[in-house]
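Order of the sequence lines fixes the chain letters, A, B, ..., with proteins taken first and strands second; residue numbering starts at 1 for each chain. Since this is a predicted model, take the numbers as computed values, not measurements.
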Amino acid sequence: MRLSAMHTVRSVAVVLLVLSATTAGLLIVRDHLDPLSVALIYLISVTAIALRGETRSAAVGSIVAFLCLNFFFITPYYTFKVAEQHNILELFVFLGLSLLVSHLVVRDRQRTAEALRHARESATLYHLSTALVGSSGMDDLLDTVVDRLVGAMGIDGCSILMEQDSVLAARATPDATVTPLGEGLMRRAERARLGAEPIETASGNSDRVLLVPIRSIQRPLGVLAITRHAGRPGFGADETRLFATFANQVAVAIERNALRQERTSAEILRRSDELKTVLLSAVSHELRTPLAAIKASATSLLQPGVTWSSSDQRELLEGIDLEVDRLNRIVANLLDLSRIQSGALHPELSWNDPAEVIYTAVERVGSQLNDHVITINVADDLPLARLDFVEIEQVLVNLLENAARYAPAGTRITVTARRTGDTVEVSVMDEGPGVPRGDEQRIFETFYRVASPGNPPGSGVGLAVCRGLVEAHGGRIRAEPAPGGGLIVRFTLPLDAGAMPGVAASERAGS
Amino acid sequence: MTARILVVDDEPQIRRAVRAGLQANGFAVELAPSGDAALDAIALNVPDVVILDLGLPDIDGIEVVRQIREWCAAPIIVLSVREAERDKVAALDAGADDYLTKPFGMDELLARVRVALRHSASQLRGEPVLAFGDLRIDRTSRLVTVRDEEIHLTPTEYDLLCELAANAGRVLTHQMLLTRVWGPASADSTHYLRVYINQLRQKIEADPRRPRYLTTEPGVGYRFRAEPPLDPLQS
């Protein structure tokens with residue numbers, strides 16, 4: 001109330017000031033002017049007042065100017081009497097004209113201002129909407145809403161209450177812009193959520209709060225709570241409408257976000273399905289080869305009326321035995337792969353001698369290495385390392401089998417183990433064809449196979465398993481071309497330097 | 001007298017194959033498809049060896065081992081898959097005598113069964129002299145010789161070797177060896193075991209990197225191999 005009183009006093013003062021100045025100026029030159037000219041000059045002043053003030057002050061200005069014209073410039077001077085008849089007409093024409101002009105000017109100005117405000121509001125809304133489109137994820141979206149609102153529209157605080165388990169809870173509240181809503185306010189927010197119209201209310205410390213429901217077509221989603229400190233002007237009808245529009249946009253954004261999340265999980269499902277399909281085709285191919293050999297051998301032996309020599313029979317049975325071992329290795333790798341990919345791999349770390357792991361692995365690969373020359377170089381100072389024996393053995397078995405599969409018979413396969421700084425580095429080098437340059441890291445990807453017609457088929461699983469197992473130990477694996485052709489695959493295992501408890505020195509000295 | 005063997009597995013194909021293999025080698029075979037059936041069969045008539053699959057449909061295999069061990073000393077050989085090292089160790093610590101990883105060869109199973117029968121027949125623990133190939137351990141004089149040459153062992157090395165050799169053919173878990181040789185307080189100190197096994201291999205093995213006696217059971221423990229390793233091409 002005080003504000004609007006001050007406003008009235010100021011606009012009356014402006015009217016009086018302008019008209020006094022005009023009157024004073026005209027009085028100086030009164031003898032050289034006829035009343036019609038004076039009336040026109042007053043009209044200019046009134047128009048000037050209308051250009052700055054409101055309808056009311058423009059009307060007051062018109063009337064005051066009418067009185068001044070009569071009092072100072074119509075004979076007899078300094079009375080409101082009018083001596084000549086035609087002056088009466090002039091006076092009232094002036095009053096009518098003045099009222100009309102000032103009204104038109106004020107109305108035009110108000111329309112311009114309104115158009116400007118609309119434009120500004122549209123701009124604000126536009127910026128908010130663009131920000132909503134650009135946001136990714138629900139939290140980001142709600143933060144964006146709050147940021148933009150607090151920055152843009154003379155708002156001191158803003159929070160978004162979202163429905164969580166059918167109870168409203170604050171989701172986005174940047175520090176210091178709003179104090180958490182009190183219990184009473186939360187109740188009112190609850191009411192606003194269910195209604196369609198914004199509710200204007202006041203908080204405990206008499207800040208103004210506008211509660212705007214955020215709702216999609218189907219259901220209420222939450223409430224946008226906008227706060228203005230006491231002392232600022234309240235929320236006008238236009239502003240309230242604007243916030244309601246904005247809340248609608250937020251609702252659309254929230255819905256869209258939910259849809260996008262659904263789509264993303266559908267996409268993830270689709271990709272893992274694709275992966276499974278690739279896996280199935282690669283695996284069924286690799287499984288079918290040993291199965292075909294087993295089936296052929298077994299049905300040969302089962303043929304009625306055929307008498308096999310004991311050496312032929314033995315050969316067929318040994319073939320079955322070998323193929324079963326191969327199947328078993330494939331299945332082991334597949335199980336490891338699925339544990340790696342599902343994150344179910346937990347190495348059981350204990351102190352082990354890397355050399356023991358290497359020799360055990362070489363023994364397990366056994367007859368597959370018969371056609372190659374195996375060289376094992378293990379450094380004498382190799383310390384114990386904390387590792388899962390079975391898993392690292394599997395890494396070595398896969399690397400050795402790979403080397404034996406791709407390198408021609410009679411070539412050398414070299415296994416080297418040494419200490420490098422705070423890791424143990426193990427490498428397997430072959431004299432095979434190697435891999436195409438640039439593909440050295442890709443060979444550890446699941447289902448990667450060197451695309452070349454002469455290559456024996458593999459499932460592309462073994463090396464992926466190697467990488468998974470080594471990385472689960474905190475190690476690294478990489479491949480590089482061997483000097484003179486062939487491939488070196490190196491992997492490292494971290495050494496927890498100083499972590500190994502000592503073994504009684506006297507015992508070792510006495511040995 | 002024919003040894004009686006109880007085979008416990010829920011897969012009919014496995015039961016059938018194992019029975020055929022064992023019967024062909026002169027054993028009497030009884031079959032049980034579940035843990036409950038196995039416990040009933042043992043209560044009725046104690047077998048000489050139990051072959052027990054750890055993945056049974058009704059009772060956890062390790063629990064079956066525990067229940068058998070409450071009152072029965074018959075040797076138990078557990079069957080398990082490669083990924084289940086933890087289960088194998090748990091079964092061995094619960095009282096199983098040996099394990100075999102599926103899929104296994106009949107030759108391996110027969111070897112394990114024979115070791116189990118020999119152990120229940122005569123305990124090597126009490127014998128004064130243990131002799132395997134070129135290795136001889138005289139426990140009265142604590143003298144160890146390889147190819148008639150005396151080998152100097154530290155007291156811990158000697159204890160470890162005796163523990164393994166007295167259980168020749170059987171797997172001993174890390175925890176069993178650590179508890180029996182170093183004491184219960186050292187049950188988790190696997191690094192002791194790695195260091196001492198390595199030292200023992202250096203002293204008694206012809207090729208310490210390809211041990212003939214002290215073999216590693218990955219993820220489980222160690223086994224003292226009494227027989228020379230089979231040539232894989234002749235198996």
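- Considering only heavy-atom pairs separated by less than 4.5 Å from chain A, the leading option among B:Arg210, B:Lys102, B:Arg86 is B:Arg86.
- Within the 4.5 Å cutoff, the side chain of A:Asp353 has no heavy atoms near those of the A:Tyr359 side chain.
- Proximity to chain B is limited to the side chain of A:Asn328, based on heavy atoms less than 4.5 angstrom apart.
- At a 4.5 Å heavy-atom cutoff, the contact between A:Glu348 and chain B is made by side-chain atoms alone.
- Taking 4.0 Å as the cut-off between side-chain N and carboxylate O, A:Arg405 and A:Glu401 do not count as a salt-bridged pair.
- Under 4.0 Å is where a charged nitrogen must lie from a carboxylate oxygen, and between B:Arg201 and A:Glu356 at least one such pair does.
- Neither the backbone nor the side chain of A:Ile358 has a heavy atom closer than 4.5 Å to any heavy atom of chain B.
- Ion pairing of B:Arg147 with B:Asp134 is present here, as a side-chain N (NZ or NE/NH1/NH2) and a carboxylate O approach within less than 4.0 Å.
- No part of A:Asp388 comes within reach of chain B, as not one of its non-hydrogen atoms sits under 4.5 angstrom from that chain.
- Classification of B:Asp97 and B:Arg170 as a salt-bridged pair holds, one side-chain N sitting under 4.0 Å from a carboxylate O.
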